[in-house]
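Everything quoted here is computed from the prediction, not taken from an experiment. Note: hydrogens, waters and symmetry copies are ignored here, and every other heavy atom, side chains too, is used. Order of appearance sets the numbers: ligands from 1, and atoms from 1 within every ligand.
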Amino acid sequence: MYKISLITGDGIGPEISESAISVLNTIHDKLDLKFDITKLSAGDNALEQTGKALPDETINAIKQSDACLKAPVGESAVDVIVVLRRMLDLYANIRPAKSYPHMPALRDDIDMVIVRENTEDLYTGKEFRVGDSAVALRIISVSASKRIAKYAFETAKQRNLKKKVTCVHKSNVMRITDGLFAKACTDVSKDYPEIVFEEMYVDACAMNLIRQPQEFDVVVTTNLYGDILSDESSQVVGGLGMAPAANIGDNFALFEPVHGAAFDIAGQNIANPSSFLLSIKMMCDWLGVKNNDSKCIEVGEKLESTIFDLVKTGIKTKDIGGDMSTSEFTKQITDNL
Ligand code: NAI
């Protein structure tokens, strides 16, 4: 049995959390893998009700769990997810983008993953005013850059596909910060002679994600570029509603959709729960490897194939060209698991 902490979040968060709970309960009933779920509050609603976007009870419950699932939160995201990533040292943000049959992807041969440094860059929140100006400190260290580079090369090795790592930066302009990041990645690349290493400026990468996305394998980049490029890569393979993410540290991991709270469609039962459900798949992979539990890995694979087999039949939510509601789509998945 795995203890799972679940932040239900804001906007569409509660709707897709219900979908996740339903799928986790079905996995227990039909596939005999038990998840003990603790629902937790964080985000805009928590701030309004308790005065804290990330209440202490939520932090304590997360620390006592085996893994955390987090639905999106709203305007207080920086006080929730950015804090959790740093507090729990979840240094690798893994965002896969793969084209599946019958999805509105740009091409059918895209299979890439963005490995985003998750603890530094402009996201440390060190901003202040000086007279007429606003200043933000951009922190990029050798240790964190080498750590994420190593993670990226190990990922390319394990994927065993194109065996390529693309380091994305803008060192022609930010010579010191991005220059340090590029050099750290170049240094680490020397330990992986079997992996092709290339560098790309972030503007060129944004263009190439549209022009030739099939050329990418593993992209390693800093926090802000990774945030922006992963929304783009998600859209390239069909949309934010299909995009999962993992925040991984040495001892703990948190899984969440790439997307935000989507207030524009909240409360309408039309959000696509797939990105959150595919985040459960990533959680099963991580728990399975960590605990040497092949059944957990198989359950994750089964969940992923169930989602894509369903989409293949034409049963889809609105964002990817169908007309199913969140709850109807979830029911189809739990019936088919
Ligand atoms: P968003 O990702 O919530 O939405 C962008 C667009 O994608 C919207 O049109 C939305 O309807 C659509 N979309 C997103 N998820 C979808 C799904 N599952 N199914 C169907 N359509 C979907 O980005 P936005 O609107 O910029 O941000 C909304 C709020 O979310 C903001 O308050 C922001 O701070 C927060 N946010 C939180 C994040 C987190 O908790 N990690 C990450 C990103 C944003």
Side-chain angles (χ1 to χ4, degrees), residues 5-20 23 40-48 53-54 58 62 68-88 90 93-95 97 103-104 114 116 118-119 122-123 125 223-248 253-280 282 307 310-311 315-330 333:
S5 46
L6 168 67
I7 293 176
T8 52
D10 302 312
I12 61 170
E15 296 164 58
I16 61 172
S17 292
E18 282 312 308
S19 174
V23 164
L40 300 169
S41 135
D44 299 357
N45 284 325
L47 181 63
E48 204 179 299
L54 187 57
T58 297
I62 291 171
C68 178
L69 280 172
K70 182 199 142 287
V73 296
E75 285 307 300
S76 53
V78 70
D79 299 319
V80 179
I81 186 60
V82 179
V83 170
L84 283 172
R85 286 170 184 158
R86 284 170 59 79
M87 180 188 287
L88 303 169
L90 308 175
N93 193 326
I94 310 304
R95 298 186 157 188
M103 285 293 299
I114 294 184
R116 160 187 172 194
N118 222 11
T119 62
L122 289 163
Y123 281 54
N223 209 338
L224 178 61
Y225 302 153
D227 193 5
I228 298 167
L229 293 175
S230 56
D231 262 38
E232 186 185 354
S233 61
S234 305
Q235 190 58 44
V236 162
V237 294
L240 279 172
M242 301 300 296
N247 299 268
I248 296 183
L254 178 153
F255 303 84
E256 60 174 346
V258 169
H259 63 73
F263 290 116
D264 54 337
I265 57 166
Q268 297 174 41
N269 194 24
I270 57 169
N272 186 348
S274 301
S275 44
F276 205 24
L277 302 181
L278 291 167
S279 303
I280 295 178
M282 292 184 86
I307 293 169
L310 185 63
V311 168
I315 293 176
K316 300 175 188 178
T317 46
K318 206 171 157 195
D319 59 312
I320 50 170
D323 56 7
M324 275 267 162
S325 68
T326 312
S327 46
E328 286 166 338
F329 186 79
T330 306
I333 290 169

Looking at [X] and [Y], what are the two nearest heavy atoms and their distance?
X	Y	result
Phe276	Ile16	CD2-O, 3.5 Å
Gly43	Ser76	C-OG, 3.0 Å
Met282	Ile94	CE-O, 3.7 Å

Sub-4.0 Å atoms of ligand 1 with respect to non-hydrogen atoms of [X]:
X	result
His259	2 (O), 14 (C), 15 (N), 18 (N), 42 (C)
Leu240	2 (O), 5 (C), 7 (O)
Phe263	29 (C), 32 (O)
Lys70	39 (C), 40 (O), 41 (N)
Ala77	37 (C)

Under 3.5 Å, side chain of [X] to main-chain N/O of [Y], donor-acceptor pair present?
X	Y	value
Glu15	Gly267	yes
Asp10	Asp44	yes
Asn93	Asn118	no
Arg86	Thr119	yes
Asn269	Ser327	yes

- Among all protein non-hydrogen atoms, which one is nearest to atom 17 (C) of ligand 1, and what is the separation to 0.1 Å?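 So the nearest neighbour among protein heavy atoms is Asn272 N, 3.7 Å.
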- To which protein heavy atom is atom 8 (C) of ligand 1 closest, and what is the distance rounded to 0.1 Å?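 Ranked first by proximity to atom 8 (C) of ligand 1 is Asp264 OD2, 3.4 Å.
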Heteroatom proximity flag, [X] to ligand 1, N/O under 3.5 Å:
X	value
Gly74	yes
Ala262	yes
Ser275	no

- Message: Does either side chain, that of Thr8 or that of Ser17, offer a donor lying less than 3.5 Å from an acceptor on the other one?
- Response: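 On atom types as modelled, these side chains do not qualify, holding no pair under 3.5 Å.
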So which bit of [X] gets within less than 4.0 Å of ligand 1, heavy atoms only: side chain, backbone, both or neither?
X	value
Val80	neither
Ile265	side chain
Ala261	both
Val73	both

For [atom], is the nearest protein heavy atom under 4.0 Å away?
atom	answer
atom 25 (O) of ligand 1	no
atom 20 (C) of ligand 1	yes
atom 34 (O) of ligand 1	yes
atom 41 (N) of ligand 1	yes

- Query: With side chains defined as the heavy atoms from C-beta onward, is the minimum distance between Leu254 and Ile81 less than 4.5 Å?
  - Reply: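 When only atoms from C-beta onward are counted, Ile81 and Leu254 do touch, with a gap below 4.5 Å.
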- Query: Are side-chain heavy atoms of Met103 and Val237 found at a separation under 4.5 Å?
  - Reply: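 No, every pair of side-chain atoms sits at 4.5 Å or beyond.
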- Qualifying residue for side chain to side chain contact (heavy atoms under 4.5 Å, CB included) with Val80, from Leu54, Leu47, Thr58: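 The side chain to side chain contact (heavy atoms under 4.5 Å, CB included) with Val80 is passed solely by Leu54 among Leu54, Leu47, Thr58.
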- Task: Consider ligand 1: state whether an atom of it lies below 4.0 angstrom from any non-hydrogen atom of Lys318.
- Result: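 The answer is no: ligand 1 sits nowhere under 4.0 Å from a heavy atom of Lys318.
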- Task: Would you tell me which option among Ala245, Ser19, Gly260, Gly9 has the nearest heavy-atom contact to atom 36 (N) of ligand 1?
- Result: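 Among Ala245, Ser19, Gly260, Gly9, the closest heavy atom to atom 36 (N) of ligand 1 comes from Gly260.
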- Just going by heavy-atom distances, which of Glu75, Glu15, Glu256 is nearest to atom 32 (O) of ligand 1?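 Looking at heavy atoms only, Glu75 sits closest to atom 32 (O) of ligand 1.
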- Item | Crowding at CD, Glu48 (>12 non-hydrogen neighbours, <6.0 Å) |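 Counting other residues, nucleotides and ligands, CD of Glu48 stays at 12 neighbours or fewer.
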